[in-house]
Amino acid sequence: MGRLGLSIDWSNEYATMKPEYYVKTQTSFVRMYQKGQIYREDHPVNWCPRCGTAIALAEVEYDSRTSTLNYMHFCAEDGEIEIATSRPELLPACVAVAVHPEDQRYQKYIGKTVNVPLFNYSVPVLADRAVDSSFGSGFVMICTFGDKQDVRWWMEHHLPLRQAIDRGGRMMPIAGPYSGLTVEETKEKITQDLTEQGIIFKQEPLEQNVGLCWRCKTPIEILSEQQWFVRIDAPEIKKMAEEIEWIPPHMRVRLENWADSMEWDWCISRQRIFATPIPAWYCRHCHEALVAEESWLPLDPNLTQPKKKCKCGSSEFIPEQDVLDTWMDSSISALAVAGWPDRTDLRMPTQLRPQGHDIIRTWAFYTILRTGALEGIRPWDAILINGMALGEDGHKMSKSLNNFIRPEEVFESNGADALRQWAAIGGSPGNDIPFQWKEITAASRFQQKLWSIFRFSLPLIAPADAAKGQVDHWLSAELDQLITKTTEAMDRFQFDEALKAIRAFAWDVLADNYIELVKARLYGQDGPEKRAAQDTLFTALETLARLMAPFTPFLSEEIYHTLTGQSVHVQSWPAARGQPMDRAGLAIKEVASTLRRYKAEKGVALNSPLPGIVVYSDLDLETADLAGVANSPVESRTGKPSLEMKPIAVKPQMKVIGPRFRDRSQRIIMALMGMDPADIARQKEAGSIAVDLDGEILELPPEAAEVEIQTLSAGEAVDILKTKEATVLVRR
Ligand SMILES: [Zn+2]
Ligand SMILES: [Zn+2]
């Protein structure tokens, strides 16, 4: 972080596993418990049998897998029914079967019972609109619990609980002969047994969306467990999310969709070892839970006993072994840096939460929830969502794909500033940013350019109080516009726009135009003109260093410190003065670049002198800088030049004449070449060209010949260059 130049207030550093921090997490638990926002209940939870812990819905990943759909016979009071299931191992957990109330095939079974094969007990036949009649036979088996739909049915129909799978993913005694086997072993063995007994009579492949543990990718089970839960008030969270500025705004929709999809409260207890202890005990006699008082915190219930007796009078307690979900720690990080819970003037909301889009459902969601629950306010004014860095293969950088670049590799080859520029310019916030070495190279090249501008300027510049010329005013105005643009982009967190504007200014405006224009003054005799250029360039570099400090802190510091003897990182952000564009200066700059293009087109070296230049413009342009940059005498006049257009040659157009006059074309061309160019120009103007072909007069269309015009000014041949504000005559 230091090498990257991150500016961090280390006085607010925290480690969630340290008592100084987890006392805050425990305090938040106690306060929310006292307010009824945290409760303990026997409730179905997502469970990873491999990790041996409950996990939150936000930690369940979904993946499609192919499994087998098994068709089974169940004995009903009145004949047999067919039921299809992909999870025959849950047969001992079956608590009901259901059909759609309008399924005409099965009306007679509704309200009766069927017998669960192998385990031989009766379950009711329910009617429920959520049953999909087109799936399998139209009958569905409700187990505790195959999936979330089972949980819904279980709650709606007040069904009993038959838990068949334990915390380790093994079958419980209720599974009879399969007790002690893993889920996978049971699935295999019970399928075999059911097939042998003719209960399974048909099988077909089934594409399924399976919930997996985010950590180990094991399929999750839904178990009913005594767990601690945080109440989720989705409308309240959505309301608070609206008070926050989301950058980019569409990311808020992701949070809202997530809030709308929450069916269960947030399960916060984890069966793990390293995490914040839940400050609670259970009475050995009446089993009542006792949550610690705030003044007892921080504590580990395994090491400390409660400082008071149970309501029943007993003082024998069993400590809570479960620990808190890690998001319980991190969801109060904004509160922690704001001084919670000790500061009376809580610095809330904080200004900004920067985070990735992959943890909107967790870090953003839980932080809003908890800050709202604990303090009744939003945690931040704004949330800035960043995308992921993608490897050169276009995939998210990851260790397993081995497509990552260590930041140190870039530091060593190109420096931290180049890496920072890549991150800033790679895209607008929220978008993933592909890593490309060519972007790093471009960033380096820009730094080298800036450094050479600086090296060139350093011996020539100094702050001075001197009357500025038109070109100086133009640069000051351009700089002012850059400040406005950059400030506005930074206010919107559009770092890429800001950096692009800075780069364009440095390359085009400053290096290619201004410095070229004022070189002659900078190298010339001391005087107010020279000092004005020295001061203008000094200000431009000093300002540029401040604007670039967030992007290239190291290079900016070097430049700024050399210029002023101070650190750029304690300076204020440049303020725009609303300076209007200097039209005359801008016109001079445009004339200069037009002359440069003219020389390039003529194949003339840029510093080779031209015979003479006259610039006409209503703006009364200063000539000194133009004379310097063109290395030629320059005259400036107001008004329009008086020009004489003299036709000097005829160019017959074969592509017009050929198709029309075929074998006579050659003679027509010869005739045209023999005519007076001025005469042809007049005839073109009139609409047609008459050619005398040995007495026969042919009428040619005006496009049949072009006339080359030479422009004369006061009798001298000149080339004319036009810009928006000026007409430039160059003597030939
Ligand atoms: Zn797991
Ligand atoms: Zn008790």
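Both ligands and their constituent atoms are indexed starting at 1 by order of listing. Please read all numbers here as calculations on a predicted model, not as lab measurements.
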Participant: Centre-to-centre under 6.0 Å for F145 and W154, is that the case here?
Facilitator: yes

Participant: Answer yes or no for H287: is there an N/O/S atom below the 2.8 Å cut-off from the Zn ion (ligand 2)?
Facilitator: no

Participant: Counting only protein atoms, how many N/O/S atoms are less than 2.8 Å away from the Zn ion (ligand 1)?
Facilitator: 4

Participant: Any idea which heavy atoms bring M171 and T182 closest together, and the distance?
Facilitator: CG-O, 4.4 Å

Participant: Atom NZ of K35 and atom CZ of R231: how far apart are they, to the nearest 0.5 Å?
Facilitator: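 CZ of R231 is found 13.5 Å from NZ of K35.
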
Participant: Would you check if there is a donor-acceptor pair between the side chains of Q208 and S86 at a distance under 3.5 Å?
Facilitator: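 The answer is yes; a qualifying pair exists.
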
Participant: Rounded to the nearest 0.5 Å, what separation is found between the CG atom of N46 and the CD atom of E225?
Facilitator: 12.0 Å

Participant: What is the SG(C310)-the Zn ion (ligand 2)-SG(C283) angle, to the nearest 10 degrees?
Facilitator: 110°

Participant: Quick check: F435 with W422 (ring centres under 6.0 Å apart)?
Facilitator: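 Yes, the ring of W422 comes within the 6.0 Å limit of the ring of F435, centre to centre.
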
Participant: For the residue pair Q351 and D381, confirm or rule out a side-chain donor-acceptor distance under 3.5 Å.
Facilitator: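 No, no side-chain donor-acceptor pair sits under 3.5 Å.
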
Participant: What angle, in degrees and rounded to 10°, do you get at the Zn ion (ligand 2) when you join it to SG of C312 and to SG of C286?
Facilitator: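 Answer comes to 120°, rounded to 10°.
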
